[in-house]
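Scope of the values below: all heavy atoms of this structure, side chains included, with no hydrogens, waters or symmetry mates. Here is how names work: the chains are called A, B, and so on, in the same order as the sequence lines, proteins then strands, and each is numbered from 1.
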There are 2 protein chains.
Amino acid sequence: MAEKVTIATVARHAQVSRQTVSNVLNAPHIVREETRQRVQEAIAALGYRASQAARQMRTGRSRLIAVRIEPTRDGINGSVLDRFLHGLTETAEAAGYRTMLYTATDRQREIATYDDLLGAYDLDGFVLTATDHGDPRTAWLADRGVPFVTFGRPWDDLDAHCWVDVDGAAGTAAATAHLLAAGHRRIGWIGWPAGSGVGDDRRAGWHRTLRAAGVDPSGLHRETVDGIAEGERCARELLADPAPPTALVCASDSLALGALQAARTTGPAIPVIGFDDTPVAAALGLTSVGQPLGDAAARCVDLLTAVLDEPRRGLAPVLLQPALVLRRTA
Amino acid sequence: MAEKVTIATVARHAQVSRQTVSNVLNAPHIVREETRQRVQEAIAALGYRASQAARQMRTGRSRLIAVRIEPTRDGINGSVLDRFLHGLTETAEAAGYRTMLYTATDRQREIATYDDLLGAYDLDGFVLTATDHGDPRTAWLADRGVPFVTFGRPWDDLDAHCWVDVDGAAGTAAATAHLLAAGHRRIGWIGWPAGSGVGDDRRAGWHRTLRAAGVDPSGLHRETVDGIAEGERCARELLADPAPPTALVCASDSLALGALQAARTTGPAIPVIGFDDTPVAAALGLTSVGQPLGDAAARCVDLLTAVLDEPRRGLAPVLLQPALVLRRTA
DNA sequence: GGGCAGGATTGGATCGTTCAAGTTTCTGGA
DNA sequence: TCCAGAAACTTGAACGATCCAATCCTGCCC
C-alpha cells in the first residue's frame, strides 16, 4: 500500500519547498517556468491531489455548493428538477465546484439545514429552487451574508438578490400567439390559484396576448391546484360552456394532460398546450413550452461563482426565454 | 460578527478541556453524566458545530458518499434515478452522511473522477447504479479497497461485492401470471437485446412463467433498444402475426407506451404491462411493475454504512421484490 | 568588484479536530 | 488510614494545506 501523497512528498520529489508547490497550484505566475514544469511533472508522476479538507481548514472555503432535492410530488414535474440538477452538477464541476444534496420537509427545517451545512461543511454557497412570495430562506441567507442564487425570481423585490429565471409569461404568450395564428379566438386558460409568483406570471402571458388580439378573456379560464384529475375537471367545466374555448393553454403538463383527456371524451379534439416540456409531454405528443433548464443551471453556477470570487459586486439577474415545442396537440 | 465557535470555545465555556468536549461528541459513555450535560448545554448555547474539515483531516473520514447523476436520456426512465436519489439523500442524512453528486460521460472518465473525489475529498464510499457485465468500475474500486455498494447485481459473480437489487424476473413473472389469470394464453414479450443483465433477468420472468403454464413462448417475443418508437414497431410486428399475442409484457414503460399505441391503431385494445411505474405510466393508466426505489436506496445506505463501520465483514446482498401496479391497461 | 533591487524560495505558525499518553480524582477493600 | 486500580479529565502532538515574514539568488548598474 503506497503511503499518502502530500504536498511535502511532491516538494521532495521535485526538490523544491512546500510553498513552491503551493504556488504552482495557486499562483503559477510567480513561479519560474522551469520550476513550475518540474513540479507539475512530480504532481503527475505521484498522482498528487490537494486535500480539500486541509485547504478548507486554512482558507475557509470548501468549493462545495448545495442544492435541495425535492420529493417527486406528482412525478411529472419531478423531471424538471432532475434536469436542472444534472446541468448544475455538470457546470459546477467545470468550474471546480462540487454539488452536495440535502433534503428538507419544510422551510424552517431547511433553514436549520443551512446552519448545519454552513457550520459543519463550510459550504460556499446555495442554489435555491421554488422560491415564492416572502420566502424566509432568502432573508435568512442574506442576513448572514451567505452567497446564494435562486432559480426563480424574488417576486416581491426583483433587486433583492441574485437570480436566474425563465420568462414564463413569454412562454404562455408564445403558446397563445401560436393558437391565434392558427385561427383560434376563444383560447382558454387552466392555471393555478392566484398568489403564486410562477402561476400569476404564466397566466399573465396568456391574458395579455389574448387582450392584445382583441379577445375578452373573461369566462375563459379556470384555476386549480396542480394535477391531472384537476386539469380534466377544469377542462370539462370550460367545455360545457355554451360558447366553449376552441383551444387551451395550461400552466403545467399535468393540467394539460387532464385537459387533453377531457377534450377527447367530450367531443372533437381541440388543441392543448402544456408547460415544462416534460417526458410525459414528449411521450404523448403534447405541445408544450420548454424551459432551457441546462442553460438556467449553467447561469446559476456562473452567477454563484462570480459572487464567490467578488463578494461585493451586485450582479445582474438573468431572465431566459422559453421555447414552444410543437407536437401533435397544437 | 460573532467569531467562530470552535471546540476550544465550548471547552472554555463549560470549563473543561477540548478533549472532554470531543469525548462528549464521540464517546459519551466515558464522560460523567454531570459533565456531559454541562458540555451539551454549552454546545447548544453557543451553537457549536464540529468542523467537518478538521475532523476529516484527523480521522481521514469525510462522512460523504458520492452518486453519479446521469443525463436524462429519453426522459421517461430518468425519473427512476431521480426517485432513487431522493431516497438515498434522505436515508444518508438520517445516518449522518451527506450525498455528493458527480457526472461522467463514460466509464473511464468515471474512474478518473473516483480518483479525484477520493484524493481531494476523502470520500467514504460510492453508490453505483446501472452496473453491467464486466463493469470496470467495480473492479477498480474493489482493487483499492474503496467501500461501495451497487444498485444492481454484479451479473458475473453474485458474491463479487455488496449489492442491492430488485428482482426483475419476479416482476415480469407477476405481470405474466396476472395476464394468465385473466384468461390470456398467448402473452407476448417486448424487451431488450440479450446480453444486458437487467434485460435478460426481466425476460426470464416472463419466459419461465409462460412455460410453467404450458405455453410455448417461441415467436411471441421481440428484442430492441429502448424507446417508444421501437416499442411500437415491435408490437406491430407481433400483432401482424397470423396467431398474434392477446396481451403484452414489456421490459420498460417506454416500450409499453409504444406497444399501447400500436395496439390502439391496429385493432381492438389488448392488455399491456410496462416496467418501472414511471410518472408517464401513472399519467396514462398504464399497468406497470413498480420498483421499491425508496427502500432500495435506504438499503444501499444501510449496507454502505455497515461496511464503513466494519470494513472486514462480507455483507449479505439484498434482493427486493417489485409490485405490480394495476391500472386501466391490464 | 561591490552593492542593490527585485523576485524566487524557505521555515515556522496556524486552521480545528482527534489520538496517545499523562495526571488527577474517585472508589472500595484491607 | 492507606493504597491499588479504575474512572475522569487534561495536555502535547499531529493531520496537510496556506499565510506570513525572513532569507537567498540573480542580474544589473555604477
Side chain of [X], backbone of [Y]: donor and acceptor closer than 3.5 Å?
X	Y	result
B:Asp167	B:Gln321	no
B:Trp163	B:Leu158	yes
B:Arg109	B:Ala104	no

*Nearest 0.5 Å, what's the CG-CZ distance between B:Leu81 and B:Phe151?*
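CZ of B:Phe151 is found 9.5 Å from CG of B:Leu81.
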Write down the distance between [atom1] ([X]) and [atom2] ([N]), rounded to a whole number of angstrom.
X	N	atom1	atom2	answer
A:Arg58	C:dC15	CZ	C1'	6 Å
B:Asn26	C:dG16	CG	P	17 Å
B:Ile43	C:dT17	CD1	P	10 Å

Next on the checklist: Side chains of B:Gln56 and A:Gln52, heavy atoms from C-beta outward: is any pair under 4.5 Å?
Outcome noted: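 The answer is no, as the side chains (C-beta and beyond) never meet within the 4.5 Å cut-off.
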(request) Check every nucleotide of DNA chain D for an atom under 4.0 Å from a heavy-atom of chain B, then give the first and the last such nucleotide from 5' to 3'. (result)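 Endpoints of the contacted stretch of DNA chain D: D:dA8 to D:dG16.
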Taking A:Asp122 as the fixed residue, which of B:Lys4, B:Arg49, B:Arg55 is the one that meets the salt bridge (Lys or Arg N to Asp or Glu O under 4.0 Å) rule?
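Answer to the salt bridge (Lys or Arg N to Asp or Glu O under 4.0 Å) test with A:Asp122 among B:Lys4, B:Arg49, B:Arg55: B:Lys4.
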Q.
Mind checking if A:Ala53 touches a base, just sugar-phosphate, or nothing, with heavy atoms under 4.0 Å?
A.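 Touches nothing.
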Counterpart residues, side chain to side chain donor-acceptor pair (under 3.5 Å), relative to A:Asn26 (two or more places apart):
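A:Asn26 satisfies side chain to side chain donor-acceptor pair (under 3.5 Å) with A:Ser22 once adjacent residues are dropped.
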Counterpart residues, side chain to side chain donor-acceptor pair (under 3.5 Å), relative to A:Arg153 (two or more places apart) |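 Counting only residues at least two positions away or on another chain, A:Arg153 forms a side chain to side chain donor-acceptor pair (under 3.5 Å) with A:Asp165, A:Asp201.
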*By a strict heavy-atom criterion of less than 4.0 Å, which residues belonging to residues 7-23 of chain B are in contact with DNA chain C?*
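Residues of residues 7-23 of chain B under 4.0 Å from DNA chain C: B:Ile7, B:Arg18, B:Gln19, B:Ser22.
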Let's see if you get this right: which residues in residues 27-35 of chain A place a heavy atom under 4.0 Å from DNA chain C?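 Residues of residues 27-35 of chain A under 4.0 Å from DNA chain C: A:Ile30, A:Val31, A:Arg32, A:Thr35.
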For A:Arg63, I'd like to know if atom CZ has over 12 heavy atoms of other residues, nucleotides or ligands within 6.0 Å.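 Atom CZ in A:Arg63 is packed in, count exceeds 12.
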Check: residues 94-102 of chain B side-chain donor-acceptor pairs under 3.5 Å, at least two apart:
residue, atom, partner, partner atom, Å
B:Tyr97, OH, B:Arg61, NH2, 2.8
B:Arg98, NH1, B:Glu93, OE2, 3.4
B:Tyr102, OH, B:Glu110, OE2, 2.9

Taking all non-hydrogen atoms of both residues into account, name the closest pair between A:Leu123 and A:Leu118 and its distance.
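Reported closest heavy-atom pair: O-CD2, 3.6 Å.
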Can you work out whether A:Arg38 or A:Ala54 has the more 5'-proximal nearest nucleotide on DNA chain C?
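Nearer the 5' end of the strand: A:Arg38.
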